[in-house]
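Position 1 is the first residue of the sequence; numbering continues from there. Basis for what follows: all heavy atoms, side chains included, without hydrogens, waters or symmetry-related copies.
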Amino acid sequence: MDLGVTLLTGIAVYLLVQFVCFIFADADLTLLWATLFGSKPETKLKGLVVWVTGASSGIGEELAYQLAGCGSRLILSARRVDQLDRVKLHCLERSNLKDKDILVLPLDLLERASHEAKMKTAIRHFGNIDILVNNGGRSQRSLCLETSVDVYQALMELNFLGTVSLTKQVLPHMTQRGSGSVVTVSSVVGLAGAPLATGYSASKHALQGFFNSLRTELTEYPRILISTVCPGPVQSQIVQNAFTEEVGKAILTAGDQQHKMVTSRCVRLILVGIANGTKEMWIAQQPFLLFYYVWQYAPTWAWFITDVLGRKRVQNFKAGLDADSAYFTKPKSS
């Protein structure tokens with residue numbers, strides 16, 4: 001009897017500790033375990049050649065800085081050459097890398113015909129590509145009923161087909177070598193839909209399906225990692241650059257960024273995941289992290305929560321308020 005009580009007490013204490021840890025968690029439990037007991041990025045990523053798209057701002061820019069700090073050699077790509085040069089300069093200032101260790105390689109994901117030449121340029125410079133981080137893309141902030149089909153086409157061309165095109169150029173190089181990593185930054189909306197982001201969510205769902213399927217095709221290459229990253233809200237310029245209801249129409253206001261995860265923390269978790277071969281990473285502060293788990297294990301409850309919060313988000317958007325505030329604060333009464 002005493003043994004049974006002791007066992008039950010031990011289980012209760014264990015569950016309580018796990019619950020308390022989860023309250024303060026900002027990533028899935030597998031990834032958090034890797035941060036405590038897994039390989040360190042500074043060890044695993046040192047000297048590797050990492051190609052980062054969307055490297056001129058946001059998550060991509062921070063990836064460049066932290067990878068430089070790990071001693072990785074870098075290929076920085078985006079459309080804005082001046083911003084890439086700025087990022088390269090900061091990388092050199094924050095690390096022991098030399099000028100030849102960082103290649104600024106301008107890239108437009110929409111110009112798929114240029115991707116083969118870009119890949120060959122990278123290979124000529126470094127001799128190989130160890131890791132491709134597909135981070136480039138744009139978001140969306142508009143209601144479906146008001147959004148042009150051209151916006152949906154632009155989102156799929158950029159976020160999905162552009163990413164697939166570049167991956168298909170790099171992947172044969174990795175299969176020939178028998179090793180490498182393709183890491184794709186998806187989103188929480190790649191797992192669950194969100195109002196005002198129908199096209200963006202669709203493009204991220206497409207990426208999830210593509211890379212999940214690709215992973216199963218590459219089982220004969222156990223040293224090639226296919227990994228997807230699903231961040232929740234992160235402080236970046238993705239909202240400022242989002243598509244609206246018409247292609248070329250700028251968003252009026254990006255809203256408050258303070259409630260979102262700090263970019264440096266998100267990137268640190270991504271690098272830990274890469275260093276430890278994590279196939280899918282859920283990265284978000286509460287309550288978004290809880291939302292991931294509810295979607296995974298209790299979808300009926302997830303739909304109820306989505307309907308409630310989604311209705312508030314749409315109401316705020318129509319009223320000209322910060323749409324994202326529905327997830328953190330109550331809408332202001334009129």
Practice item. Give a yes or no on whether a salt bridge exists between Glu42 and Arg268, defined as a side-chain N under 4.0 angstrom from a carboxylate O. Key: yes
Practice item. Kindly check if the number of other-residue, nucleotide or ligand heavy atoms within 6.0 Å of CZ (Arg79) is above 12? Key: no
Check your understanding: Is any side-chain heavy atom of Leu171 less than 4.5 Å from a side-chain heavy atom of Val182?
Key -> yes
Review point. Would you say the ring centroid of Trp295 lies under 6.0 angstrom from that of Trp303?
Key: yes
**Study point:** Check: Leu89 and Glu93 side chains under 4.5 Å, non-hydrogen atoms
**Key:** yes
Review point. Is the number of heavy atoms from other residues, nucleotides or ligands under 6.0 Å of Asn96 CG greater than 12?
Key: no
Check your understanding: If you count the non-hydrogen atoms of other residues, nucleotides and ligands that lie under 6.0 Å from CG in Leu145, is the total more than 12?
Key -> no
Practice item. Indicate whether any N or O donor in one side chain lies under 3.5 Å from an N or O acceptor in the other, for Glu61 and Gln83. Key: no
Review point. Mind checking whether Lys318 and Leu143 have side chains closer than 4.5 Å, heavy atoms only?
Key: yes
Check your understanding: Does CZ belonging to Arg86 count more than 12 external heavy atoms closer than 6.0 Å?
Key -> yes
Review point. How far apart are the C-alpha atoms of Arg313 and Asn316, what are their side-chain angles, what is the distance that settles it, and do they pass the side-chain hydrogen bond (donor to acceptor under 3.5 Å, both in side chains) test?
Key: CA-CA 5 Å; Arg313 192 168 194 244; Asn316 280 6; over 6 Å; no
Review point. Taking atom NZ of Lys44 as the centre, does the number of heavy atoms from other residues, nucleotides or ligands within less than 6.0 Å exceed 12?
Key: no
Point to revise | Plane angle bin for His90 and Tyr65 - parallel if under 30°, tilted between 30 and 60°, otherwise perpendicular | key: perpendicular
